[in-house]
Amino acid sequence: MADKAIATLKDKVRAISVRTRGRRLTQIIEELRELLLGWKAYFGIAEVQSPLRELDQWVRRRLRCYIWKQWNRSGYRQLRKRGVSRNLAWNTAKSAHGPWRLSQSPGLTIALPNRYFTDLGLPTLEAR
């Protein structure tokens, strides 16, 4: 799998999931689904699965960042509603780090697990 192909895919995902685009998450996932399924059909037979696994992780992190930015000031309430402990939700919500760094935090990973994105219809690139 060429580095240029991966960079092109990442650019397209970035264009779809720009945080200031003002779309619902379901609309973003519909657009990503079309792109990722086409990409999976073309590169799905690759023998090395690690780049596909890393791309899956990157796309989910990008979506967590998008959701965190949409939650804005209600981040603490949203985390608590999704089962994150009080202390972890508070530390995540009041963190001085930006959305991209927080998208990899334990609080957001617990609140928005991989299953959440699968249930919304986001396909995985890695062959199962």
Side-chain angles (χ1 to χ4, degrees):
M1 196 171 308
D3 290 338
K4 187 175 180 182
I6 293 173
T8 303
L9 175 69
K10 283 187 172 186
D11 287 341
K12 289 179 181 178
V13 170
R14 281 185 193 106
I16 291 172
S17 63
V18 169
R19 292 190 308 245
T20 58
R21 196 165 167 225
R23 302 264 191 243
R24 289 191 189 124
L25 183 63
T26 53
Q27 293 171 324
I28 299 291
I29 287 182
E30 284 175 15
E31 293 177 33
L32 284 176
R33 181 177 175 76
E34 183 179 330
L35 174 69
L36 294 176
L37 285 177
W39 214 77
K40 183 178 181 176
Y42 189 78
F43 288 105
I45 59 171
E47 293 180 13
V48 180
Q49 293 294 313
S50 58
L52 296 177
R53 190 177 313 114
E54 290 168 5
L55 280 171
D56 274 341
Q57 292 169 353
W58 182 82
V59 168
R60 287 190 301 266
R61 183 177 179 191
R62 183 94 183 152
L63 290 174
R64 283 186 187 105
C65 182
Y66 187 85
I67 293 169
W68 181 251
K69 197 67 174 164
Q70 276 191 339
W71 285 348
N72 200 7
R73 292 171 51 100
S74 69
Y76 175 79
R77 284 188 302 258
Q78 295 293 336
L79 290 172
R80 289 291 293 148
K81 188 170 26 172
R82 287 168 172 75
V84 179
S85 70
R86 180 178 294 142
N87 193 24
L88 183 58
W90 182 258
N91 288 340
T92 304
K94 295 303 176 184
S95 174
H97 298 297
W100 180 247
R101 180 147 176 198
L102 285 177
S103 65
Q104 213 172 14
S105 70
L108 278 176
T109 306
I110 292 169
L112 304 169
N114 297 347
R115 183 184 67 247
Y116 175 78
F117 296 112
T118 304
D119 291 347
L120 286 176
L122 185 72
T124 58
L125 294 174
E126 186 181 15
R128 301 258 165 127

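In this chain, numbering begins with 1 at the start of the sequence shown.
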ILVMFWY cluster, Tyr42 and Leu35 together (side-chain gap under 4.5 Å):
yes
What I'd like to find out is whether the side chain of Leu36 reaches to under 4.5 Å of the side chain of Asp56, using heavy atoms alone.
no
Shortest non-hydrogen pair, Thr109 vs Arg64, comes out as CA-NE, 4.1 Å
Quick check: closest heavy atoms across Ile28 and Ser17, and the distance to 0.1 Å?
CG2-CB, 4.3 Å
Answer yes when Asp11 and Arg14 have at least one side-chain N-carboxylate O distance shorter than 4.0 Å, and no when they do not.
yes
Which is it for Leu112 and Trp68 under the side chain to side chain contact (heavy atoms under 4.5 Å, CB included) test, yes or no, and what are the steps along the way?
CA-CA 10 Å; Leu112 304 169; Trp68 181 251; over 6 Å; no
Would you name the heavy atoms of Arg80 and Ser85 that are closest together and state the gap between them?
NH1-C, 3.4 Å
Can you tell me how far the CD atom of Glu30 sits from the CZ atom of Arg24, to the nearest 0.5 Å?
10.5 Å
Any chain of hydrophobic side-chain contacts (each under 4.5 Å) joining Leu120 to Leu63?
yes
Which atoms form the tightest heavy-atom contact between Trp71 and Leu79, and what is the distance?
CZ3-CD2, 4.0 Å
Nearest 0.5 Å, please: how far is CH2 in Trp39 from OG1 in Thr8?
9.0 Å
Write down the atom of Ser103, the atom of Leu108, and the distance for their closest heavy-atom approach.
CA-CD1, 3.7 Å
Side-chain heavy-atom pair Ile67, Tyr116 within 4.5 angstrom cut-off
yes
When Arg60, Arg62, Arg61 are each screened for side chain to side chain contact (heavy atoms under 4.5 Å, CB included) with Trp58, the one that passes is Arg62
Trp100-Val18 co-clustered via ILVMFWY side chain contacts under 4.5 Å
no
How about Pro99 and Arg19: do any of their side-chain heavy atoms sit closer than 4.5 Å?
yes
Could you tell me which non-hydrogen atom of Gln78 sits nearest to which non-hydrogen atom of Arg82, and how far apart they are?
OE1-NH1, 2.6 Å
So how far is it from Leu9 CG to Leu125 CG, rounded to the nearest 0.5 Å?
7.0 Å
Calculate, to the nearest 0.5 Å, the distance between atoms CG and OG belonging to Asn91 and Ser105 respectively.
10.0 Å
Quick one: does Val84's side chain get under 4.5 Å of Tyr76's, heavy atoms only?
no
Just to verify, which of Leu32, Leu122, Thr124 counts as forming a side chain to side chain contact (heavy atoms under 4.5 Å, CB included) with Phe117?
Leu122
Rounded to the nearest 0.5 Å, what separation is found between the NZ atom of Lys40 and the CZ atom of Arg33?
9.5 Å
Using a 4.5 Å cut-off on heavy atoms from C-beta on, say whether the side chain of Gln57 contacts that of Asn114.
no
Gln27 CD: over 12 foreign heavy atoms closer than 6.0 Å:
yes
